[in-house]
Amino acid sequence: MARGRTITTILAAAALMALPFAVRPDSSAAPLPTEVAVTQQQADPARFAAQHIVDVPVRFTVRNVNRSLAACNVDGKTYQVNGHLTAPEKVLSAPDAAITLYQHGIAAGEWYWRLDVPGYHHAEELAKRGHASLTVDRLGYGASSKPNGLSLCIGGEADVAHQIVQQLRAGTYQLLGTVPGARTTPRFAKVALAGQSNGGQIAQIATYSFRDIDALVIMDWTDLGLTPQANARFFSSLQTCMRGGSAGGDGGADGYAYYDLGREEFRTGNFHDTDPAVLVAALPHQNRHPCGDMASQLSSVFVDLRHLSEIKVPVLLMYGERDARVSGGQEHRALFTGTTDVRLLDVPNAGHYMGLERNAPLVHDTLASWLDAHRF
């Protein structure tokens with residue numbers, strides 16, 4: 001049933017995509033939620049120092065090109081992707097260091113992995129368990145460059161992820177702070193790629209297109225399991241994009257839209273069993289997304305169905321048991337026929353943002369143990 005719903009969604013959206021884009025948004029459209037100015041939450045440096053954890057800003061210079069198998073249009077220009085390297089000090093000094101690169105979802109940003117509420121700062125929790133993380137704002141989000149949202153796409157985002165992986169291996173990215181005891185920019189011999197929501201689709205595309213990572217983690221993404229709620233909000237947002245979208249906020253270019261209209265939709269779409277302190281911290285961070293990412297997401301599903309079987313690396317699939325966005329984790333698992341090393345975890349009582357739910361420790365413990373088992 002989920003497969004039939006999703007294919008119907010894709011075909012209907014394809015018909016909408018045949019309509020011409022307007023140059024400017026339609027002023028008669030329903031107003032978007034008020035943009036809330038928020039700053040990237042930076043954890044207390046003293047807390048990290050006491051735990052011997054490095055938490056340093058980093059920058060990657062990338063080209064918005066698309067050499068992935070998911071064909072879609074990009075502008076070919078050079079931009080900056082900003083984020084944070086978070087790791088135990090001893091990991092960064094190891095000759096065979098390993099790291100996980102995280103890709104956030106369509107309505108989130110780097111903040112999803114760095115929400116500074118005790119027990120919910122994902123990168124810190126993984127560092128406490130011995131693992132290095134790179135969290136970034138994808139192109140079009142947060143502290144990274146914001147091109148016109150119509151000039152970005154899912155395949156291009158996968159190519160950017162590939163470029164970041166290569167720079168992590170070569171140590172050719174820029175440190176914007178100090179790494180204790182490091183004379184050069186840290187290099188990483190092993191790289192895992194993790195994605196949440198449509199960041200999971202980006203991670204999949206990067207994995208089978210470029211074949212340069214060592215492990216894959218998919219959180220809250222299935223190609224054929226969108227729920228009726230997700231479909232309804234997708235089409236509502238797509239209509240805004242079909243009118244050209246709006247400015248990306250913080251002085252960004254046009255071509256952006258909200259997936260959820262308002263705080264209440266954002267809450268009901270992503271959260272289920274959540275500490276009130278987490279909601280207070282998270283809800284103001286709701287992001288607009290690039291319209292090109294949304295439009296290309298649909299055609300990329302068919303590309304996934306053709307190529308997921310080519311993925312050979314270990315795969316960890318994680319889903320919130322009460323996810324309002326996606327379903328069908330078992331069905332998605334069955335698509336990874338090219339590897340025998342696939343694990344599936346359903347996080348009890350968790351919504352779409354399972355890493356921000358009360359069962360977040362299960363997410364952190366499971367991921368850390370899985371990385372340990374695969375020598376990360």
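Small disclaimer: the values here were computed from a predicted structure and weren't measured. Position 1 is the first residue of the sequence, and the numbers go up from there.
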Discussion item. Are there over 12 heavy-atom neighbours, none belonging to Arg169, within less than 6.0 Å of that residue's CZ?
Written reply: yes
Worksheet item: Does a salt bridge link Glu310 with Arg211, judged by any charged N lying under 4.0 Å from a carboxylate O?
Response: yes
Worksheet entry | Arg333 atom CZ, over 12 foreign heavy atoms within 6.0 Å | yes
Practice prompt. Could you tell me whether the side chains of Asn66 and Asp159 share a donor-acceptor contact shorter than 3.5 Å?
Written response: no
Worksheet entry | Nearest atoms (heavy-atom pairs only) where Thr222 meets Gly328 | CG2-O, 3.7 Å
Discussion item. On a heavy-atom basis, which atom in Asn359 and which in Pro348 lie closest, and how many Å separate them?
Written reply: ND2-O, 2.7 Å
Discussion item. Quick one about Glu157 and Gln103 (side-chain donor to acceptor, distance below 3.5 Å, no hydrogens or angles considered), yes or no?
Written reply: no
Worksheet item: Would you say the side chains of Asn287 and Arg138 form a donor-acceptor pair under 3.5 Å?
Response: no
Worksheet entry | Minimum side-chain heavy-atom gap Ser145-Val81 below 4.5 Å | no
Worksheet item: In terms of ring plane angle, is the pair His374 and Trp370 parallel, tilted or perpendicular, where the classes change at 30° and 60°?
Response: tilted
Worksheet item: Any salt bridge between Arg129 and Asp365, counting N to O under 4.0 Å?
Response: yes
Fill in: Donor-acceptor pair between His122 and Glu125 side chains, under 3.5 angstrom
no
Worksheet entry | Donor on one side chain, acceptor on other, Ser197 and His352, under 3.5 Å | yes
Fill in: Short side-chain donor-acceptor distance under 3.5 Å, Asp223 and Gln204
yes
Fill in: Donor-acceptor pair between Tyr208 and Asp304 side chains, under 3.5 angstrom
yes
Discussion item. Please determine whether side-chain hydrogen bond (donor to acceptor under 3.5 Å, both in side chains) holds for the pair Glu321 and Asn349, giving the CA-CA distance in whole Å, both sets of side-chain angles, and the decisive distance to 0.1 Å.
Written reply: CA-CA 6 Å; Glu321 187 181 53; Asn349 215 34; over 6 Å; no
Worksheet item: Do Leu193 and Val313 share a hydrophobic cluster (ILVMFWY, side-chain heavy atoms under 4.5 Å, transitive)?
Response: yes
Practice prompt. Kindly confirm or rule out a cation-pi arrangement of Lys146 over Tyr141, judged by NZ or CZ under 6.0 Å from the six-membered ring centre and within 45° of its axis?
Written response: no
Item to complete: Run the salt-bridge test on Asp137 and Arg114 with the 4.0 Å N-O cut-off and return the result as yes or no.
Response: no
Discussion item. Please report whether the ring centroid of Phe48 lies less than 6.0 Å from that of His52.
Written reply: no
Item to complete: Check whether Phe210 and Val217 end up in the same hydrophobic cluster, where Ile, Leu, Val, Met, Phe, Trp and Tyr are linked by side-chain heavy atoms less than 4.5 Å apart.
Response: no
Discussion item. Other members of the hydrophobic cluster containing Val74, with the 4.5 Å side-chain heavy-atom rule, please.
Written reply: none
Worksheet item: Any chance the side chains of Gln286 and Asp260 put a donor and an acceptor closer than 3.5 Å?
Response: no
Discussion item. Between Glu110 and His104, do the side chains contain a donor N or O and an acceptor N or O under 3.5 Å apart?
Written reply: no
Fill in: Cluster check Val65, Leu69: I/L/V/M/F/W/Y, side chain < 4.5 angstrom
no
Discussion item. Atom CG of residue position Asp275 - does it have more than 12 heavy atoms of other residues, nucleotides or ligands inside 6.0 Å?
Written reply: yes
Worksheet item: Between Asp55 and His84, do the side chains contain an N or O donor and an N or O acceptor separated by less than 3.5 Å?
Response: no
Worksheet entry | Atom NZ of Lys128: over 12 foreign heavy atoms under 6.0 Å | yes
Practice prompt. Determine whether more than 12 heavy atoms belonging to other residues, nucleotides or ligands lie under 6.0 Å from atom CZ of Arg358.
Written response: yes
